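Below is one structure, written out as structure tokens, with a few remarks after it.
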There are 2 protein chains.
Amino acid sequence: MTMSQSGGRRRPPTIHDVAREAGVSRGTVSRVLNGGHYVSPAAQEAVNAAIRRTGYVVNRHARSLITGRSDSIGFLLTEPQERFFEDPNFNVLLRGCTQALAAHDIPLLLMLAGTDDERRRITRYITAGHVDGVLLVSSHSGDPVAEQLRDAGVPLVMCGKPIGVGSKISYVAADDRDGARDMVRHLVSLGRRRVGMVTGPLDTPGGVERLAGYREVLTESGIELDERLVTSGDYSRASGEAGAELLLERAPDMDAVFVASDLMAQGVLSALQRAGRSVPGDVAVGGFDDSSAAVAASPELTTIRQPYDRISSEMVRVLLAQIGGEDPAAVILPTELVKRRST
Amino acid sequence: MTMSQSGGRRRPPTIHDVAREAGVSRGTVSRVLNGGHYVSPAAQEAVNAAIRRTGYVVNRHARSLITGRSDSIGFLLTEPQERFFEDPNFNVLLRGCTQALAAHDIPLLLMLAGTDDERRRITRYITAGHVDGVLLVSSHSGDPVAEQLRDAGVPLVMCGKPIGVGSKISYVAADDRDGARDMVRHLVSLGRRRVGMVTGPLDTPGGVERLAGYREVLTESGIELDERLVTSGDYSRASGEAGAELLLERAPDMDAVFVASDLMAQGVLSALQRAGRSVPGDVAVGGFDDSSAAVAASPELTTIRQPYDRISSEMVRVLLAQIGGEDPAAVILPTELVKRRST
DNA sequence: CATGCTTCTGTGAGCGTTCACAGTAGAGAA
DNA sequence: TTCTCTACTGTGAACGCTCACAGAAGCATG
């Protein structure tokens, strides 16, 4: 019972051991392992039995050395990390990607590039071929890392539309503009006419698109645009709070507000409450994301659901396809209006 | 300008190329790389220059194949994932571990074991030697994975004290009991005498310890324990809400409540507000964690800060030491009372 | 002049795979 | 019988690195 002391890992069985055990050669075992054809049912069976008996697991390093693939994927975050780690959506995305990859038996390497130094180190690591591809989260504008990786020939998929247009980079995103349109149409259909907006950062495509959707619907509804009703935040709770205060000051008659993220909407709710406005009585509030922040808020937020579970699985699908040689692709997924108590 | 087409990564330089470039042998390059001694300053310099010129990066697979080390660490979560990913502390922990490892140039593999199937697959992967060690988050009782890994000789550090006592497993934890004592002492010092508690799950050490601290301080303060003032939750927001409702029903004269997590405390605040109790006027509320939920709550929560940044760096330190051959170790870190507006 | 010691350097072997190629056996056709 | 074709199997080489070992200097000591 003391056969394996602490730190005393026994040398694991190799493909050689399996071959001997099954009475075949290394080549045959390798063929069975890699689903190759041209292997007899008898050998197939013998090898599988031997694998089970010996508890063999392939040595990925040896395999990678010869195939040149690492059979692993990097998940790279180049945003200021506080903001993203605060965002419940990020978690959903990370979890979804991990699970989608696990279904292919591919490990996910988590990489956080906060500083320039870290970014350089990680870029170097990636371009050295230590991962087969990268899932990139970086909505922040002017981030050169995406193009750098693409130019190095690294398969790459971004979450959200990249800023640098025209560049052949795969991405998966929710339909921001359409989502915004749905929400604003909903607010207008409730009879609200003085509809404000707290946008996201306007140097990101998401921020711009949601604002565009807002403007389109108001115009289509024959409601005059009023710039005093628009201010922008940075997706953080605090910036929502500040935004709402500003809007109330500039347009006290505001009767609805579309907020570009649930987290900011939480801040908006606080500010409205402090100003003595009831929600949704005086002011209807619509969020965006349908993150856990939406149900944590009180009243619970009407919001636009971004299908993060599908986004993550699509990112993985597109990335694996690209690694398999296919061309970069863009995927835009539909959003959904989720009605709750804040409107 | 079309030298690197999409997918066309050039073969990276090998140690051989560097050796030729520097006019030395592979052995010497390897010695420089691995900080070995017995290499002349001249050779040292020549090799470094050659590395810079060629842009050489070591092929980790080839290295791992011979050293037997993978130079990577697994971060394994065997909890129901929803709960943990909802918890802001988990993010801080994950981020901290990633960064602490990055400082050693070690990649972190994220592994999520929700189902039994996934657990088996991952255990197999780990014991096959694909990672050098594991950072394990699994406060949930009766989880066999820790002992399984230990028995397989895999270096292992847990976050939080493991349930199976006596087992030689490293862990890093905050001082739950002491933190609870601080909080309850604080509440008592405010003159509160009917102090309730919503505990965490009592099949976890953290849950038990915080309850123990609560009882100790009340007893020491000469306040009679009243079981109607204690109920337990599962750290989720919803369970805090339910817990507070129960306590109010059983003990309407409650004038303070110690809640074993900030997330649950958010729920408690909602329930109190709905019941028309003012915080901290009628009821003082103390949380635990000092997560981002504490400042998002209104009023902002007085809470016990768990030093998650230090926990993560200690976990990495202990794990690397253990990989280096040292014995398993237990580290208990002090907590800190953070006073805000809820008390 | 041989001997030993220290400091440095080159070389061959081997880590566990996969891949290309050569080979074998058996079936069917000439 | 001999030949060809198909279905399968074994073998050597290679992937890029580290490690152990064998040397080669340079210098002091016997």
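Each chain gets a letter, A, B and so on, in the order its sequence line appears, and its residues count up from 1. The model shown is predicted, which means the values in this text are computed figures rather than measured ones. Heavy-atom basis, side chains included; hydrogens, waters and symmetry copies ignored.
In this structure a side-chain-to-backbone donor-acceptor pair under 3.5 Å is present from B:S64 to B:R69. When atom types are taken as modelled, the side chain of A:S170 and the backbone of A:A329 share a donor-acceptor pair closer than 3.5 angstrom. Checking side-chain atoms of A:T28 against main-chain N and O of A:V24 turns up no donor-acceptor pair under 3.5 Å. In terms of modelled atom types and a separation under 3.5 Å, the side chain of A:E118 and the main chain of A:G114 share a donor-acceptor contact. With hydrogens and angles ignored, the 3.5 Å screen pairs no side-chain donor or acceptor of A:N34 with any backbone N or O of A:R31.
Between C:dT9 and B:S40, a contact under 4.0 Å exists linking OP1 or OP2 to a side-chain N or O.
Scanning residues 60-68 of chain B for heavy-atom distances under 4.0 Å to DNA chain C yields B:L65, B:I66. Across residues 13-28 of chain B, B:T14, B:I15, B:R26 each have a non-hydrogen atom less than 4.0 Å from an atom of DNA chain D (numbered order). Near DNA chain C, defined here as any heavy-atom distance below 4.0 Å, there are no residues from residues 46-56 of chain B.
The heavy-atom pair separating A:E21 from A:A50 by the smallest distance is CG-CB, 3.7 Å. Here the shortest heavy-atom pairing between A:A22 and A:A46 reads CB-O, 3.6 Å. When all heavy atoms of B:L333 and B:R310 are compared, the closest pair comes out as CD2-NH2, 3.3 Å.
Side chains of B:P155 and B:L319 form a contact here, defined as non-hydrogen atoms less than 4.5 Å apart. A 4.5 Å side-chain heavy-atom check between A:F75 and A:L112 finds every atom pair outside the cut-off. Looking only at side-chain heavy atoms (C-beta outward), B:V157 and B:V318 come within less than 4.5 Å of each other. Residues B:L77 and B:V137 form a side-chain contact, since some pair of their non-hydrogen atoms from C-beta on lies under 4.5 Å apart. The shortest side-chain heavy-atom distance between B:T78 and B:L76 falls under the 4.5 Å cut-off.
Residues B:D132 and B:S70 have side chains that bring a donor and an acceptor to within less than 3.5 angstrom of each other.
Here the C1' atom of nucleotide C:dT17 and the CG atom of B:N59 are 13 Å apart, to the nearest Å. Residue B:R69 contributes atom CZ, which lies 17 Å from atom P of C:dC15 at whole-angstrom precision.
Looking at residues two or more places apart in sequence or on another chain, you find no ring pair (Phe, Tyr, Trp, His ring centres under 6.0 Å) involving B:Y171.
From the 5' end on, the contacts that DNA chain D makes with chain B at under 4.0 Å to a non-hydrogen atom open and close at D:dG16 to D:dT18.
Note on the helix from C:dC1-D:dG30 to C:dA30-D:dT1: terminal axis deviation equals 70°, with five pairs used at each end and the result rounded to 10°.
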